[in-house]
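Within every chain, numbering begins at 1; the chains are lettered A, B, ... in the order of the sequence lines, protein sequences first and strands thereafter.
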2 protein chains.
Amino acid sequence: MATARPSTTNSRGRLTRDRVLHAAIAHADAAGLEFLTMRTLAETLEVAPMALYRHVSSKDDLIDAMVDVVFTEIGVPGGGGDWKTSMRRRAVAVRQALTRHPWAVGLLEARRRPGPANLRHHDAVIGRLRAAGFDVIETAHAYSLLDSYIYGFALTKADLPFDGSEQAGAMAGAMLSPFPANEYPNLVEFLSEHVMTPGYDYEAEFEFGLDVLLDALEQGLRPPDRIVSLR
Amino acid sequence: MATARPSTTNSRGRLTRDRVLHAAIAHADAAGLEFLTMRTLAETLEVAPMALYRHVSSKDDLIDAMVDVVFTEIGVPGGGGDWKTSMRRRAVAVRQALTRHPWAVGLLEARRRPGPANLRHHDAVIGRLRAAGFDVIETAHAYSLLDSYIYGFALTKADLPFDGSEQAGAMAGAMLSPFPANEYPNLVEFLSEHVMTPGYDYEAEFEFGLDVLLDALEQGLRPPDRIVSLR
DNA sequence: ACCTGAACACCGTTCAAGT
DNA sequence: ACCTGAACACCGTTCAAGT
């Protein structure tokens with residue numbers, strides 16, 4: 001009682017930028033970005049829509065800020081270990097953040113005005129590769145390859161219309177039902193013999209592909225890891 | 001005069017689904033998907049907005065159909081040559097389609113009701129890999145890896161806020177200007193020594209990474225190409 | 001059969017006003 | 001200083017009507 005704000009219109013005290021941001025992220029996580037409107041957001045915060053504009057200058061600004069919160073969650077790759085384990089950890093961290101926040105796929109790299117956490121992240125990844133002996137061009141190769149894979153996997157995963165293999169079957173059936181049977185024999189075989197299999201776990205594909213990439217980078221680019229002392 | 005339709009309200013004769021589709025794609029190509037509205041589309045076709053609904057049942061249905069047009073453009077991988085060249089050609093075809101239609105990135109795999117061209121494409125790619133000796137699991141690995149890369153590259157590329165290296169410089173400057181100098185030394189070095197270099201061509205990165213992937217698949221998975229006779 | 005116009009339930013956001 | 005309410009210029013789409 002002593003610490004609670006005396007009496008404001010909305011239930012949880014004064015509106016702050018942080019409350020707006022985290023309510024927006026929670027809403028996008030739960031309902032998807034297309035259902036995040038300034039009006040519904042205001043409703044969940046129990047304020048008038050226009051109250052939000054004291055803390056964000058526009059919906060676009062809001063989304064910019066949401067994206068930077070995601071980059072804050074991702075953090076920067078730790079300095080310990082060789083570049084490969086460092087890049088692997090970083091890739092998994094991005095993947096996990098995108099699993100928590102599927103709406104952020106396609107937005108992390110899209111914003112015209114990247115926030116500080118975004119820039120800090122990219123700066124750290126580039127720095128880590130350079131410190132391991134990658135020259136500028138090799139860094140570009142490695143970064144492009146890894147990020148394309150990570151974002152692309154998240155994209156196809158986010159778009160994948162099913163979660164588990166039970167739903168996969170129904171979904172695949174619904175997808176194919178408007179078409180003549182045996183029109184797409186290879187697709188049907190693939191879905192029935194793999195995707196609809198009980199043990200199927202698309203998420204496991206991510207780390208498989210990631211290791212293929214890291215191994216390929218190790219072989220094709222500069223082989224030896226130089227000094228590893230990023231403190 | 002003889003072949004022209006006598007007198008309808010809009011300039012180019014009767015409205016057809018094809019005209020709606022291609023006008024929509026042209027508009028999205030030129031202005032971006034967020035500027036494609038049923039109302040502006042109707043305007044360019046010189047009809048009332050509601051006239052469109054005779055040919056598409058909703059905006060979502062319109063976008064579904066647009067996506068399938070893109071898959072029609074992509075086509076199916078040709079049967080000739082080994083799987084590697086076949087998959088390479090296919091990847092480049094997808095890349096080119098996404099260059100022409102950047103709005104389609106993130107939509108190609110997203111639609112709940114994939115169209116016939118979409119399914120035919122996937123069926124053909126899976127069939128090509130299976131015919132080359134990939135088992136179902138290896139096919140899943142290869143497909144996931146390649147598609148993640150292709151879509152991810154398109155995503156980061158589409159989001160890249162600059163086209164050539166001249167604009168890159170201005171853009172990078174604008175991105176970093178709100179922050180203290182030397183806050184992101186690695187990023188600054190990377191941008192100034194690589195991205196802002198005259199010869200810089202991010203598009204070339206695509207085929208570099210693609211070949212890394214194809215080589216890795218060749219080594220890591222089933223080595224020999226089996227019989228190649230997909231007629 | 002094909003197209004139109006008015007209307008409805010939404011958006012993001014501006015502006016003037018409240019406390 | 002912080003929040004509200006009415007209003008504006010948009011959306012996609014329903015419905016009844018025109019020819």
Side-chain angles (χ1 to χ4, degrees), chain A residues 3-28 30-67 103 107 110-113, chain B residues 3-28 30-67 103 107 110-113:
Chain A
T3 58
R5 293 258 165 189
S7 96
T8 39
T9 50
N10 60 70
S11 57
R12 278 188 280 168
R14 279 171 73 253
L15 203 57
T16 63
R17 184 168 224 259
D18 245 54
R19 281 186 60 208
V20 172
L21 247 48
H22 286 91
I25 290 173
H27 197 90
L33 199 61
E34 75 265 39
F35 290 110
L36 178 69
T37 71
M38 299 301 275
R39 291 168 127 101
T40 60
L41 180 57
E43 209 170 341
T44 69
L45 289 165
E46 299 179 52
V47 292
M50 289 315 298
L52 302 173
Y53 285 83
R54 187 149 298 271
H55 302 98
V56 295
S57 60
S58 67
K59 189 179 183 181
D60 225 57
D61 177 53
L62 169 65
I63 292 175
D64 277 342
M66 290 166 68
V67 166
W103 52 266
L107 252 47
R111 305 277 92 191
R112 312 212 163 287
R113 263 179 300 287
Chain B
T3 58
R5 292 259 166 187
S7 95
T8 38
T9 49
N10 60 70
S11 58
R12 278 186 281 168
R14 280 170 73 253
L15 203 56
T16 63
R17 185 169 224 258
D18 246 54
R19 282 186 58 209
V20 172
L21 247 48
H22 286 91
I25 289 172
H27 197 90
L33 199 60
E34 75 265 39
F35 289 110
L36 177 69
T37 70
M38 298 302 273
R39 290 166 126 103
T40 59
L41 179 56
E43 209 171 340
T44 70
L45 288 165
E46 299 179 51
V47 293
M50 288 315 297
L52 301 173
Y53 286 82
R54 186 149 298 271
H55 302 98
V56 295
S57 60
S58 67
K59 189 178 183 182
D60 225 55
D61 176 53
L62 169 65
I63 292 176
D64 277 343
M66 292 166 67
V67 166
W103 51 268
L107 253 47
R111 304 277 92 193
R112 313 211 162 286
R113 263 178 301 287

Return the value, rounded to whole Å, for the distance between atom [atom1] of [X] and atom [atom2] of [N].
X: A:E46; N: D:dT4; atom1: CD; atom2: C1'; value: 15 Å
X: A:R14; N: D:dA1; atom1: CZ; atom2: P; value: 12 Å
X: B:H55; N: C:dT4; atom1: NE2; atom2: P; value: 11 Å

Do [X] side-chain atoms and [Y] backbone N/O form a donor-acceptor pair below 3.5 Å?
X: A:R17; Y: A:R54; answer: no
X: B:R19; Y: B:R14; answer: yes
X: A:H27; Y: A:A23; answer: no

Do the side chains of B:L36 and B:M66 get nearer than 4.5 Å, heavy atoms only?
->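 The answer is yes, as the side chains (C-beta and beyond) meet within the 4.5 Å cut-off.
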Sub-4.5 Å side-chain heavy-atom contact between B:L62 and B:L41 =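 A side-chain contact under 4.5 Å exists here.
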I need the [X] [atom1] to [Y] [atom2] distance, nearest 0.5 Å.
X: A:I63; Y: A:S58; atom1: CD1; atom2: OG; result: 8.5 Å
X: B:W103; Y: B:E34; atom1: CH2; atom2: CD; result: 13.0 Å
X: B:T37; Y: B:K59; atom1: OG1; atom2: NZ; result: 6.5 Å

Can you tell me which stems DNA chain D forms, taking runs of 3 or more consecutive Watson-Crick or G-U pairs with both distances under 3.5 Å?
->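 DNA chain D stems, ordered by first number: C:4-8 with D:12-16, C:12-16 with D:4-8.
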With B for base contact, S for sugar-phosphate-only contact and - for none (protein heavy atoms under 4.0 Å), nucleotides 8-19 of chain C reads ---BBBBB----
